[in-house]
Structure formats: C-alpha cells, structure tokens
There are 2 protein chains.
Amino acid sequence: MVSGRPGRPAASVSYPAEDGLSSREALLETALQFFSERGFKGTSIRDIANALEISVSNIYHYFGSKEGLWLAIMEYSVKSLPLRLENSLLAITDPLERLHALVMAHLTVSASQQRELKMIMLDHDRMSAAGVQANLDIQRRVLAIYIRELEALRQGGLISTGNVRILAFNILAVINWQLRWFRPDGPLSAAEVHAEIVKFIFHGLSGK
Amino acid sequence: MVSGRPGRPAASVSYPAEDGLSSREALLETALQFFSERGFKGTSIRDIANALEISVSNIYHYFGSKEGLWLAIMEYSVKSLPLRLENSLLAITDPLERLHALVMAHLTVSASQQRELKMIMLDHDRMSAAGVQANLDIQRRVLAIYIRELEALRQGGLISTGNVRILAFNILAVINWQLRWFRPDGPLSAAEVHAEIVKFIFHGLSGK
DNA sequence: GTCTGAATAGAACGTTCGTTCTAGAAGGCG
DNA sequence: CGCCTTCTAGAACGAACGTTCTATTCAGAC
C-alpha cells in the first residue's frame, strides 16, 4: 500500500457522483454534457474523468473505449427515436393528423432529450466506422418515416410539392435547428417555440 | 546541402498545387475542403500539408497558425455574407418582395460558397476566442437582417406571428440545413431545391 | 477468515497534435 | 556577381491524446 484512496469510496461520503448516481451513471451523464457541447473530437476522456474527479480507468472499465462510451449513450436514449415516432402514429389514420402527431412527438422527444439529439447532429466529427454508422442509421430511419407520411399526403392530394424528399428535409431542418438555438432556461417557453414551429411547417410565413 | 528539394519549385513543374495555384492559394483551397468536411478540431495541419505534399512550415509562413488559416478563409469569403445580403435589398421597397429577394440572395450565396458556409455552421468545435467570435458575429448579423425584415412584415400586417425571432430561426434553419444534405453532384438541381425551399418558407406544407 | 471479482487510482506508453527552430534554395536587385 | 528577402523542408519539442498496465481496496460468497 502506498497512499491515496483506491478501491470503492468510503461509503460515508457519496464519492464520485453528484447525488446518488453510480459511477457508471455519472459517467454517462457527464459525457453526454461534454459530447453535446463540444462534440466527440472536442471532448477528451480526461475532461470527463476530471469533471467527476475520478480516474480515466473507470471509463475503460465500464465502456471499453471512448467510442464505447458514446455508443452507450446512444444505446439508452437516441436509438429509440424512430420507434417512438412510429408509436405516435399508431391510432391515427387521417394523413394530415398523422403528420401533425409525428411533428409533435418529434418536438416532445427533442425537448426531453435535447443534448442526446444534439450529439447525433454534430456528425462532422469523425469517429470510427461503428459510431458514425449508428448516427447515420438513426437519421436515415427518421427521414424515411417523414418521407413515407409525406408521400401519403401527396397521393391524397393534400399537398402539392415537386419533391417530398426536399419537403422532408425542410421539416427536419426546423426541428433539428431548434436544438441549436433553443435554450430551456431562456425567455421562450418550449410550448411557445413548438407552436410556432408547427405553424411554420404547415403554413410557412403566412401563418394560420 | 544535404539532399531533398527545398526552396522554390523547379519552375518547369508546377509543384505544390494542382493547376496554376500558388502555394498560398492551394493551402486555402485544401484547408477549405478539410475544414468544411471534418471541422476545425477534426483537421490537422499535417492533413492539409500532406494532401499537397508540402511541409507544414508553409502554413506558418503564410498564416502564422492553424487558426490564422481558418480566419484567412473566413476573410476572403464568408465575412462578406451580411453585406451581400444587404445589397440584395437596395432597390426594393415592398416588404414581401424584400424578404423574397433576401432568401434568394442567401440561397445563391449558399450555392456558390457551400463549403465556406458549412465551416461556420460547425460551431461545436472549439477554437480559440477570436475564431469562434468571428463565426458567431457573422451569424448574429445575418439573423439581425432577417429579424428586421420580418418585423417590417409584421408591422405591415402581412404576417401573423407571435415571435419574429422564432420565425427568423425557422427560415435560417431550412437555408442552413440544406448545406448539410444537398449534394451539387446529386440528382437534384440547385434551382429545383431553391424553389422548393422558397415555397416552403412562404407557404409551408400547403404549397402555393 | 479467506478468496474472488468488481471498482478504482495512477503511472506509463506510444502516437499525434500545434508549433518552433534551423537551415537550405530561389528570385530580385544592386 | 553578392546580398537580401521570400519560400520551403525537415527535425525537434512539449503538450495532449487514447489506451494499457499494475496495483490496491472493498463487497460479497463460502
């Protein structure tokens, strides 16, 4: 024995984490904060470990690698996005109502998982194949859902567009862009922003 | 003298650059390509130098630092964006026509400087204060132009919105998002995409 | 009580990073 | 020609990076 205090924390003081989080949970939470603010390349594992005042060994113990940590965050959150969007459509048949429900569900998830969704939007960092592939896969599946719903609208004569794909990108644009500029602690409420976005998607500048 | 081939290239072969670009111009072009694809943090100066098969010393000779190279690209391109947008409005008085001209000008610049504008949109890389400040400054000035024009529309009773700021963000969303997904060499023409975007901004899903 | 495995610390490794330093080659000018 | 500035190469440096390794402590099973 040399010195220091390795091994489990002394039980009396809740050591590494704020609150009652386990080390693993604290790592996920802290990594999420850093990744969503500074991206994958912009965040070092020492940043994360130092913020929690623990050793970097913990990251390798729990997640194997830096990318494993990224994928673990994706796993418990963002990965479910396509399914959650599909679920919002289950009981609805009217095409316009379906799209409205889809957008609302998307905005709701955005509000509750702003940082997680920001992570997959910063795709210009290059992580190794598996990581970037997981990101792209989720984005593709979400895009496919929107295209499918818009195509139904178009065939029903409810919208007139030359290209549903461009339309889908435009809708995703306003939803995803909001992740960049909206501040939950700012002057605007999430409900207010969501209402404006929905209005813009369905009627553009001209309002309702 | 040891070996190798330092000094100016042998005049017969146009050495470092493809085509007739000077070393400085070739560096700007190559750096632009890397920065727009992989961001500031994701691009190393050795990436850039190796792609041109020259030494990293050139970057320090011409630009002083990695960030100086970034700022030089901004200087000769993106920095003029706010002015170019203002110029598009000079002869127009009708508020709706002004906004239309603004959007068209913005899309035109986007088409000719897609990579440059992408650079300032990847703001999640953290470069030192001066660099990130220049980025934010440009984005703020563009936002201010849109807000000013939308406010004029609102006061003229031509649009009904609860918040022109959100509206401005929504318009910037579709314009900037297009930088991410549009591929000039893809199946869609720029004109086609621009027309759809304008239609979406002014009328949303419902089309014209 | 002893053993085993999970959890943690801290040093160390090899690589890559941005940058600096030293020096050589070419061009312009007298 | 000789001189000075510009341009270029390449080695080297210190810091930071992701990762590995070794060692230690605690909790629980027996």
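Throughout, protein chains are lettered first and strands after them, A, B, ... in sequence-line order, and every chain is numbered starting at 1. Only a predicted model underlies this, so the values are computations on that prediction, with no experimental measurement involved.
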**Q** What is the per-nucleotide protein-contact pattern of nucleotides 11-17 of chain C, from the 5' end, where B denotes a base atom under 4.0 Å from a protein heavy atom, S denotes such proximity for sugar-phosphate atoms only, and - denotes neither?
**A** -B----B
**Q** Hey, does the side chain of A:Gln114 reach the backbone of A:Pro184 with a donor-acceptor pair shorter than 3.5 angstrom?
**A**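 Answer holds: no.
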**Q** List the residues meeting salt bridge (Lys or Arg N to Asp or Glu O under 4.0 Å) with B:Glu116, not counting sequence neighbours, and say none if there are none.
**A**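 Residues passing salt bridge (Lys or Arg N to Asp or Glu O under 4.0 Å) with B:Glu116: none at all.
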**Q** Before giving the answer on side-chain contact (heavy atoms from CB on, under 4.5 Å), spell out for B:Met119 and B:Asn135 the whole-Å C-alpha distance, their side-chain angles and the decisive distance to 0.1 Å.
**A** CA-CA 9 Å; B:Met119 272 178 54; B:Asn135 283 11; over 6 Å; no
**Q** In terms of heavy-atom contacts, does CZ of A:Arg98 have more than 12 from other residues, nucleotides or ligands at under 6.0 Å?
**A**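 Counting other residues, nucleotides and ligands, CZ of A:Arg98 exceeds 12 neighbours.
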**Q** Rounded to the nearest Å, what distance is computed from the CG atom of residue A:Asn50 to the C1' atom of nucleotide C:dA9?
**A**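 About 13 Å, once rounded to whole Å.
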**Q** Within the structure provided, determine whether B:Val142 and B:His106 are in side-chain contact (heavy-atom separation under 4.5 Å).
**A**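 Touching, per the 4.5 Å side-chain cut-off.
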**Q** In whole Å, I'd like the distance from the CD1 atom of A:Ile59 to the P atom of C:dA9.
**A**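 Whole-Å distance recorded here is 11 Å.
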**Q** Can you tell me which nucleotide in D:dA9, D:dC7, C:dT8 comes closest to the side chain of B:Ile54?
**A**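 Nucleotide nearest to B:Ile54's side chain: D:dA9.
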**Q** Rounding to a whole Å, what distance do you find between B:Leu52:CG and D:dC7:C1'?
**A**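 These atoms are roughly 15 Å apart.
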**Q** Nearest to the side chain of B:Ser65 - C:dA9, C:dT19, D:dT19?
**A**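 Of all the options, the side chain of B:Ser65 is nearest to C:dT19.
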**Q** Please state whether the phosphate of C:dT8, meaning OP1 or OP2, lies under 4.0 angstrom from any side-chain nitrogen or oxygen of A:Tyr62.
**A**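 It does, given that an N or O in the side chain of A:Tyr62 lies less than 4.0 Å from OP1 or OP2 of C:dT8.
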**Q** Tell me: CZ of A:Arg24 to C1' of C:dT8, nearest whole Å?
**A**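 Going from A:Arg24 (CZ) to C:dT8 (C1'), I get 16 Å.
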**Q** What is the distance, to the nearest angstrom, from the CZ atom on A:Phe63 to the C1' atom on C:dT8?
**A**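 To the nearest whole Å, that distance equals 14 Å.
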**Q** Report yes or no: does B:Ser22 contribute a side-chain atom to a donor-acceptor pair with the main-chain N or O of B:Glu25 at less than 3.5 Å?
**A**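 Pair found, side chain donor or acceptor close to backbone of B:Glu25.
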**Q** Should A:His61 be listed as having a side-chain N or O under 4.0 Å from OP1 or OP2 of C:dA7?
**A**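 So the side chain of A:His61 is within the cut-off, an N or O lying under 4.0 Å from OP1 or OP2 of C:dA7.
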**Q** According to a strict under-4.0 Å criterion, is A:Asn58 in side-chain N/O contact with OP1 or OP2 of C:dT8?
**A**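 For C:dT8, OP1 or OP2 has a side-chain N or O of A:Asn58 closer than 4.0 Å.
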**Q** Ring centroid separation for A:Trp70 and A:Phe35, is it under 6.0 angstrom?
**A**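 Distance test on ring centres: under 6.0 Å, yes.
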**Q** Whole-Å distance between D:dT8 C1' and B:Leu27 CG?
**A**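 B:Leu27 atom CG is separated from D:dT8 atom C1' by 11 Å.
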**Q** Starting from P on C:dG10, measure out to CD on A:Glu53 and report it in whole angstrom.
**A**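 Interatomic distance, CD of A:Glu53 to P of C:dG10: 11 Å.
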